[in-house]
Amino acid sequence: MSDKGAGPVRDNPVVITGIGAVTALGHTAAETWNGLLSGKDGVQPIEGFDVLGFGCKVAAQVRGLDPEALGIHTKSARIMDAHSFMLMKCARDAFTKARLGGSSVAEDQIGFFVGMGMVDYKIEDLVPAVVASKGQDGVLDLEAFYFKGYEEIYPLIILLMLNNVSLCQAAIDLKIRGENAVFSPHADSGARAIAESLKTLAEGKAKVVLAGGVSEKISPFGLARAHLEGDLNTGGYDGVAVCRPFGAQRKGTILGEGCGILALELRASADERRVPYTTMITGCGDAFGCEESFSAPTCQAIAQAMRAALESAELSSSDIDVLIAQGDGNRVGDKNEISAIHEIFGNCLDRVLVFSSKGALGHLLAAAPAVDVIMSVSMLTEGVVPTTLHAAPVDESVKFHLVTDGPVRTSPKRLMVNCRSDSGQCASLIVETVR
Amino acid sequence: MSPLRRRVVITGYGMVTPLGRNTQATFQRACQGESGIDYIRSFDTSGLPCRIGGKVDDSWIEINVGKLEKFASRGLKLMMVAAREAVEQSRLDEVPNREEIGVSLGCHGDNPPMEELTFLHRFYDGNGKWDVQGLLREGGYSYLQFFRRKPDVAAAMLSAAFDCRGSNLSIVSACAAGAQAIGEAFHLIREGGAVAMIAGGCEATLDFVGLVGFVLIKALAERYAAPQKASRPFDRRRCGFVLSEGAGALVLEELQHARSRGAPILGEILGYGDSADAYRITDTHPKGEGAILAMKKALDDGSLAPADVDYINAHGTSTLQNDAVETLAIKEVFGQRAKTIPVSSNKSMFGHTIAAAGAIECILTLAGIQRSIILPTINYEFPDPKCDLDYVPNVARHQEHRVALSNSFGFGGQNGCLCLGKFID
């Protein structure tokens, strides 16, 4: 292996000084990691609404994260939803862990970048107005609607529909005033949030940045959308389904809820503030290219993003020990990712271990890359790669070692995290142990 | 500024607004101080306290988008019209390496149409129970409707239409989205992540649900003598903003790259700053701390001092709160000089185009710098003691200017500020 001790990204790298994760396996990063290690499955029958009629009746939902437990006032909670609670919890955890409380870092020196899943209007908030405008015959009376009915709509509905409000709420809660942006809605947007943070820190525009992503809430309409888009594994007549990353029998993905937030800063800043760290993010890359069907990015685009990430980290593929792949069980997407992995790791396919968290956590969309980076911190420090749940039997075209027989003990130093949208965006990140 | 830092210039821009089908038409009418606001006729607004908006003429967006037609919502069509103008002007198609060209857009996706709501209510019992089986059986929520709602569709479609295989960003920070999308694209090019980016924003929220949403939070102008008089930024009788639709797109390009292919250079992005108010979700910070921070950061980013700024293109929404706070913030950043700097709001003429506003206003600012024209704030009649700057009242001004700020402050407290300049070698 060549010497990787030189180069601008390594002089003063971006290190991870705080983490916060919420997934179906737990409300903390540690619970999620322990769940993954012990092979726990976060995918369960959907709770909270009637799934009768849906082809897919399971998802990896986050349970028991109540606004009361987070100390959020009922009035504020009315304009929040599951995604806001998850983001609030993770941002606070990362903030605390990075010791940002007590004005240790100036408010305008803390940045905040988040990838946000779809934030849709809640049909339930609009429909009462329609119901209240029904005439005697049960048919909608438009006149009644326009003159009076619409007033039934919750006045702050616009806040529930705006994609940036959750970030603003968490910023208010933690007094964060620095550089910020919200990207949306797929996994690549979570990676984009992390990439923006690296840039912001390198340019000295913030001292610390919170970065990551949050999934959308699993709702009847979110489920209906994913279902009609043809993404979901509907299992069969009984609706029992699993997500099989790179599996020979994969039929589609399973939705998950979750959030991951990282506190990032330059190593010099962490040293100066005496905040501990073990892991650094040294590379990121992205690309666009879509299948004609708009169902997945092309193999070329996925490979381009992976190559760009390696280049920005000044590494070659043989330096990567573990790949946390997207592997979401999508037939076309996984096929293209398999080819891209073969292409990029062509000369070292035997040494890279590949893992996907989707089997256990479901597809977390914008939250996926940050949660995967948080899991990679544990992989690097504990030297173990968990099992990719439900992957076996693996697609016969796969020539790499997909960990289905884990956990596998190893001593990884460098990881790559892949993610993608289904409209063609892809991104990759490189995470390493700080030497 | 480090001498080695890559410079980012504009090699093309395009827009479609209530005032015109392209940049030229919009700018010309804006020079005359015309208003693009009128009564809304595309849907029934009887009963609503605000019945006006800035609508784009349907005939301006009748375009053929080929195989993308099935995905083409109104927002996307607006975006395509603006992007085509920009891409053609910059001759972006002649650049061979498409992997180094990206797209960065501020876009929220479209609102649910009334037809959808009236259809959907049949499957809801009013108490939280949905008849999903019935809904799916009748094809209630089609794949395409879902596609239109997704914020990343516009960016993905532009990438496909113009073969841009580099970074692809969809930004959703409400009224600051357009400015943030340009700012992020600018930084991406400056740091070497791309040689060119299509950046901008689009908004097509002028429908029942969009209008009602803003009516309910009482953000819209409800008292007006005539639609054309309703948007009156910085005027004492202002009472809310006017909702509009539109799109704006720019081609940002690394200077040497633009030069080597002989592309037109229309101006330069000198700096970008953003911030969060971290105050309240429905109110801007009363002292404008977020706005101050964004403006200062944009200047710092461009290694400029407040004394270098010749013009400020204000966010100027025509709400009581925004205009007073923005004035306060400008005074804080520019001190004594504030009263001598022309400040004007394009929204006085075509209303608030939300996610497109940052992009449209950035382009109008650049076009003004090129032509030495400062666009006016129309409907300025009654001075407000809290708003005591030079708002370029009612009549455009011939004045050479080189460096300008363009402000965008998003609902929820996200702020973006672009620092734009005449291209000087």
Side-chain angles (χ1 to χ4, degrees), chain A residues 50 52-54 107-108 112 116 118 120-121 123-124 126-128 130-131 140 146-147 150 153 155-159 161-165 168-169 171-172 175-186 189 192 196 199 220-221 224-225 228-229 286-290 301 304 421 423-425, chain B residues 44 46-48 99 108 112 117-118 120-121 124 126 128-130 132-133 135-136 141-143 146 149-153 156 159-160 164-174 180 184 187 191 209 212-214 216-217 274-281 289-290 293 297 410-414:
Chain A
D50 186 2
L52 193 76
F54 285 107
E107 293 169 1
D108 61 359
F112 201 1
M116 183 80 55
M118 280 280 292
D120 213 345
Y121 57 98
I123 205 83
E124 293 90 331
L126 295 170
V127 166
V130 181
V131 175
L140 183 77
Y146 287 123
F147 277 93
Y150 81 87
I153 300 172
L156 295 181
I157 184 170
I158 202 101
L159 291 173
M161 284 169 65
L162 280 175
N163 322 49
N164 66 329
V165 164
C168 295
Q169 284 163 326
I172 292 169
K175 287 265 165 288
I176 296 174
R177 294 213 157 115
E179 304 263 326
N180 63 86
V182 184
F183 306 94
S184 184
H186 289 290
S189 65
R192 169 54 54 192
E196 286 296 324
K199 243 168 49 182
F221 283 83
R225 279 196 312 264
L228 289 162
E229 200 179 14
D286 61 358
F288 179 89
C290 199
Q304 188 189 326
S421 74
S423 7
Q425 295 93 340
Chain B
D44 189 358
S46 344
L48 293 183
E99 293 187 1
H108 299 109
L117 291 179
T118 50
L120 283 173
H121 92 276
Y124 186 67
K129 279 255 159 59
W130 283 94
V132 175
Q133 252 171 329
L135 186 67
L136 293 180
Y141 205 114
S142 80
Y143 169 64
F146 164 49
R149 184 73 197 144
K150 283 180 16 165
D152 70 322
V153 175
S159 301
C164 305
R165 296 181 216 151
S167 298
N168 197 274
L169 285 64
S170 313
I171 296 191
V172 291
S173 19
Q180 287 201 335
E184 297 301 338
H187 281 170
E191 281 131 33
V209 171
V212 159
F214 287 107
L216 288 168
I217 54 165
D274 61 347
S275 70
D277 276 0
Y279 178 62
R280 282 188 203 153
I281 213 73
E289 283 183 7
L293 202 54
K297 280 185 171 181
F411 201 77
Q414 286 181 288

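Below, read A as the first sequence line, B as the second, and so on, with proteins coming before strands; counting in each chain starts at 1.
- At a threshold of 4.5 Å between non-hydrogen side-chain atoms, the residues Leu216(B) and Leu156(A) do not count as touching.
- The part of Gln180(B) that comes within reach of chain A is its side chain, from C-beta onward, which places non-hydrogen atoms under 4.5 angstrom from that chain.
- Of the residues considered (Gly290(B), Gly166(B), Gly413(B)), Gly166(B) shows the highest number of contacts with chain A, using heavy-atom pairs under 4.5 Å.
- At least one donor-acceptor pair closer than 3.5 Å links the side chain of Asn164(A) to the backbone N or O of Phe411(B).
- Neither the backbone nor the side chain of Ser189(A) comes within less than 4.5 Å of any heavy atom of chain B.
- Looking only at heavy-atom pairs under 4.5 Å with chain A, the residue among Ser275(B), Ala276(B), Gly213(B) that has the most is Ala276(B).
- Neither the backbone nor the side chain of Ala301(A) has a heavy atom closer than 4.5 Å to any heavy atom of chain B.
- For chain B, the nearby part of Glu196(A) is the side chain; its heavy atoms alone come within less than 4.5 Å.
- Taking chain A as the reference chain and counting heavy-atom pairs below 4.5 Å, the highest number among Ile217(B), Leu48(B), Ile281(B) is found for Ile281(B).
- Interface residue Ile157(A): only side-chain heavy atoms are found under 4.5 Å from chain B.
- With a 4.5 Å cut-off on non-hydrogen atoms, Leu159(A) touches chain B through its side chain but not through its backbone.
- Summarising the geometry of Met118(A) relative to Pro151(B), their closest heavy-atom pair is SD-CD, 3.7 Å, with the distance given to 0.1 Å.
- Taking all atoms of both residues into account, the shortest heavy-atom contact from Val212(B) to Tyr150(A) is CG1-CD1, 4.0 Å.
- Residues His186(A) and Asp152(B) share a closest heavy-atom pair of CD2-OD2, 3.2 Å.
- Using a 4.5 Å cut-off between heavy atoms, Ile171(B) contacts chain A through both its backbone and its side chain.
- Of the atoms belonging to Asp277(B), it is backbone heavy atoms, and not side-chain ones, that fall under 4.5 Å from chain A.
- The main-chain N or O of Asn180(A) is found under 3.5 Å from a side-chain atom of Asp274(B) such that the two form a donor-acceptor pair.
- When heavy atoms are compared at a cutoff of 4.5 Å, Glu289(B) approaches chain A solely by way of its side chain, counted from C-beta outward.
- For Gln169(A), the parts lying near chain B are the backbone and the side chain together; criterion is any non-hydrogen pair under 4.5 Å.
- Here Ser159(B) is the residue among Ser159(B), Gly412(B), Cys164(B) with the most heavy-atom pairs under 4.5 Å with chain A.
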- Derivation and outcome, side chain to side chain donor-acceptor pair (under 3.5 Å), residues Arg192(A) and Ser170(B): CA-CA 10 Å; Arg192(A) 169 54 54 192; Ser170(B) 313; over 6 Å; no
